[in-house]
**Q** 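Before I ask anything, let me first share the structure, which is written out below as structure tokens.
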Amino acid sequence: MRAASSGSCVLWGRCWEGGGAPAYWPILQVVRALIARRELAPAVPLLSGEKLALIASIAPELRQLSNLHIAEKSPAPASDREKARFELFDSVASLFRACAAVVPLVLVIDDLHDADQSSLQMLTFIAKGLKDSRAMIVGTHRDAEVRRSPELGERIGDLNREGSTLPLGGLSRSEVAEFVTSRSGRTAEEDVVARVYSATDGNPLFVDGVVRLMLADHEFNNPSGRDAGFKLPHGVRESIRRQLSALPEEAQELLKIAAVIGNEFDANLIANQGEIKAAEVANLLEHAIAAGVVSRSVSASGRYRFSHALIRNAVYDDLSPVERSQLHLQTATSIEELHASDLKPHLAALAHHFREAGHWEKAVDYSILAAEASLTVYAYDEALSHRNEALELLDLHDGNPGKKADLLTGLGWLLETTSPQKAVDHLERALGLYEALKAVDDGARVHMMLGGIFARSGPLNDPPRALVHLRKAEPVLRVGKQEPLPHTY
């Protein structure tokens, strides 16, 4: 608020807990918010057409600006994929730099512990590129979550080296007293403060939730009741459950759907799953807002978010397996209906919800499509994750061997430079499947890829082995039936 009141433009992006978010999701939210800000509009046309085309590949909303004519950007060849990703990152950084020249920018990225790998890589790149501009990036994360994941810890560590770290603890006992007094409108007695502090460890979210419960139960107005033995809810999760149980039943049912969607959710998507209009959903959610369970999202109108991931987790964890599966299927079907004209931004979400619903064949198909979409924006970690998830489902259910072989080939292509031994393992398995299917052309392509890996300098360099594979590919390639290395997999 202080930055906004001083004339800075504050843009928010929040990472997505769970599954189903497209690559670069938190940064995409910031770019969308930036595009919508009128005061920043003069900066956008200053970028080259090439840079604008790259940004539009992840934020198609850019094409809707009337003063811009942005050409379609073709996917980069496989040999240029690292260069292409660098150019995408540089284009987004250039956009922020150009906007910061118009008005100071504050970019807030919340919940970095839930960020996808490509977002963390892009954010680190942007942080390096904006150091001498009028822009500041503020990122938040839960330290415990980061410590549990070595890979996440490494990425957050890279990001921290580009700035400063400010550890934030819970409220002190005196700060809890101020909070209770401010929220209740009366001076907090010492025994009340002590019990609130003990139950919450000073976590502001839970201090707020407990105080709301006390007000709702008239604890502040009942001294004799306190003297008789005032008790706070046992533990944080019980505190959350009591907050939720105080809501109207219809609002509680809506929150179940919301918890399945994710930490942030759209009122229209909830409304589409029942006999209720979006306006009625919004009215019911007002009860949850008043209780401190939900807040309006700053990213877009009609969107809401749980006040804390732990609240969403409490709602989700209390669902029975059957209810959870049904709601995931319901959500997936609703996404298909609402976004039938353009499913591309929702492919990852569809794969996630169908997988959780137990509809593995549709989950496989959407995972493959989500991987392809990730490749078009050079989000290789996400493409790898989607393909691995599809392969796991096919292995688990003994699915289509041709589809399995194609996935293994794509995984080999993604891993051939970073993890060549894993690439070889996947490609050899794909080769066995293609041979069993008598798919000669596909087998020749895999022989060519294996030949390239063994011919390359490095730990797997083995010229005789490379020659064996290249000779097996030669008869098919010589008659022009198959290109040796397609641009994308």
Side-chain angles (χ1 to χ4, degrees), residues 14-22 25-26 110-111 113-115 142 145 203 205-206 208-209 212-213 233 235-276 278 280-300 302-336 338 346 348-359 363:
R14 286 190 171 91
C15 304
W16 188 267
E17 186 192 21
W25 174 245
D110 211 1
D111 296 333
H113 49 273
D114 289 324
R142 294 202 296 267
E145 302 278 354
N203 183 309
L205 171 72
F206 300 120
D208 183 47
R212 285 176 186 270
L213 288 172
V236 167
R237 186 169 290 270
E238 184 58 30
S239 171
I240 292 172
R241 288 195 177 103
R242 284 192 61 191
Q243 279 182 276
L244 295 167
S245 66
L247 298 174
E249 187 175 343
E250 296 90 340
Q252 293 182 47
E253 291 301 313
L254 291 186
L255 291 179
K256 291 180 182 179
I257 301 173
V260 166
I261 295 171
N263 209 43
E264 186 169 315
F265 51 93
D266 189 331
N268 287 322
L269 183 54
I270 292 178
N272 196 61
Q273 298 186 44
E275 304 288 330
I276 186 168
E280 294 177 49
V281 171
N283 288 336
L284 286 170
L285 288 174
E286 288 298 322
H287 293 282
I289 292 172
V293 171
V294 164
S295 61
R296 292 182 184 83
S297 172
V298 296
S299 62
R303 294 187 68 85
Y304 300 81
R305 67 189 313 271
F306 285 95
S307 300
H308 196 283
L310 291 176
I311 296 177
R312 182 253 174 182
N313 291 346
V315 178
Y316 188 81
D317 291 345
D318 282 346
L319 296 173
S320 70
V322 171
E323 191 175 21
R324 192 178 300 171
S325 176
Q326 289 174 341
L327 289 176
H328 275 293
L329 178 59
Q330 198 172 289
T331 299
T333 305
S334 292
I335 292 173
E336 286 183 318
L338 285 172
H346 310 281
L350 287 164
H352 166 71
H353 289 299
F354 276 119
R355 183 172 61 252
E356 295 301 316
H359 285 233

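No experiment lies behind these values; they were computed from the predicted model shown. Along the sequence shown, residues are numbered consecutively beginning with 1.
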**Q** With sequence neighbours excluded, what pairs up with Leu254 under the side-chain contact (heavy atoms from CB on, under 4.5 Å) test?
**A** Ile270, Val281, Leu284
**Q** Tell me every residue that passes ring-ring contact (aromatic ring centres under 6.0 Å, His included) with His113, counting only those two or more places apart in sequence or in another chain.
**A** none
**Q** Tyr316 and His328: which non-hydrogen atoms are nearest, and at how many Å?
**A** OH-NE2, 2.7 Å
**Q** Looking only at atom types and distance, does a side-chain atom of Arg14 sit under 3.5 Å from a main-chain N or O of Asp110, one as donor and one as acceptor?
**A** no
**Q** Got a sec, which residues hit side-chain contact (heavy atoms from CB on, under 4.5 Å) with Ala363, two or more places apart in sequence or on another chain?
**A** Phe354, Arg355, Leu393
**Q** Can you give me the closest heavy-atom contact between Ala348 and Ala21, atom names plus distance?
**A** CB-O, 3.7 Å
**Q** Within the 4.5 Å heavy-atom criterion, are Asp111 and Arg305 side-chain neighbours or not?
**A** yes
**Q** Excluding sequence neighbours, so at least two apart, what forms side-chain contact (heavy atoms from CB on, under 4.5 Å) with Glu280?
**A** Ile276, Lys277
**Q** For residues Tyr304 and Ala282, report the shortest heavy-atom separation together with the two atoms involved.
**A** OH-CB, 3.5 Å
**Q** Give me each pair satisfying side chain to side chain donor-acceptor pair (under 3.5 Å) with a member in residues 246-255, each pair once, sequence neighbours excluded.
**A** Glu253-Lys256
**Q** What residues, two or more places apart in sequence or in another chain, satisfy side-chain hydrogen bond (donor to acceptor under 3.5 Å, both in side chains) together with Asn283?
**A** none
**Q** Does the side-chain contact (heavy atoms from CB on, under 4.5 Å) test come out yes or no for Val294 and Phe265, once each step is laid out?
**A** CA-CA 10 Å; Val294 164; Phe265 51 93; 4.1 Å; yes
**Q** With sequence neighbours left out, write down each residue that passes side-chain contact (heavy atoms from CB on, under 4.5 Å) with Ala349, or none if nothing qualifies.
**A** Ile335, His353
**Q** With sequence neighbours excluded, what pairs up with His359 under the side-chain hydrogen bond (donor to acceptor under 3.5 Å, both in side chains) test?
**A** none
**Q** Sort and list the pairs that fulfil ring-ring contact (aromatic ring centres under 6.0 Å, His included) and have at least one residue in residues 240-261, not counting sequence neighbours.
**A** none
**Q** Given side chains that start at C-beta, do those of Glu264 and Arg303 come closer than 4.5 Å, heavy atoms only?
**A** yes
**Q** Specify the closest pair of heavy atoms between Trp16 and Gly262, including all atoms of both residues, with the distance to one decimal.
**A** CZ2-CA, 3.8 Å
**Q** When you measure from the side chain of Gln243 to the backbone N and O of Ala291, does any donor-acceptor pair fall under 3.5 Å?
**A** yes
**Q** Tell me the closest heavy-atom pair linking Leu319 and Arg324, and the distance in Å.
**A** O-NH2, 3.2 Å
**Q** Would you kindly say whether Gln273 and Thr331 are connected by a side-chain donor-acceptor distance under 3.5 Å?
**A** yes
**Q** Residues in side-chain hydrogen bond (donor to acceptor under 3.5 Å, both in side chains) with Ser307, at least two apart?
**A** none
**Q** When you look at Arg312 and Leu255, which way does the side-chain contact (heavy atoms from CB on, under 4.5 Å) test go after all the steps?
**A** CA-CA 8 Å; Arg312 182 253 174 182; Leu255 291 179; over 6 Å; no
**Q** List in chain and number order the residues that pass side-chain hydrogen bond (donor to acceptor under 3.5 Å, both in side chains) with Asp266, two or more places apart in sequence or in another chain; answer none if no residue qualifies.
**A** none
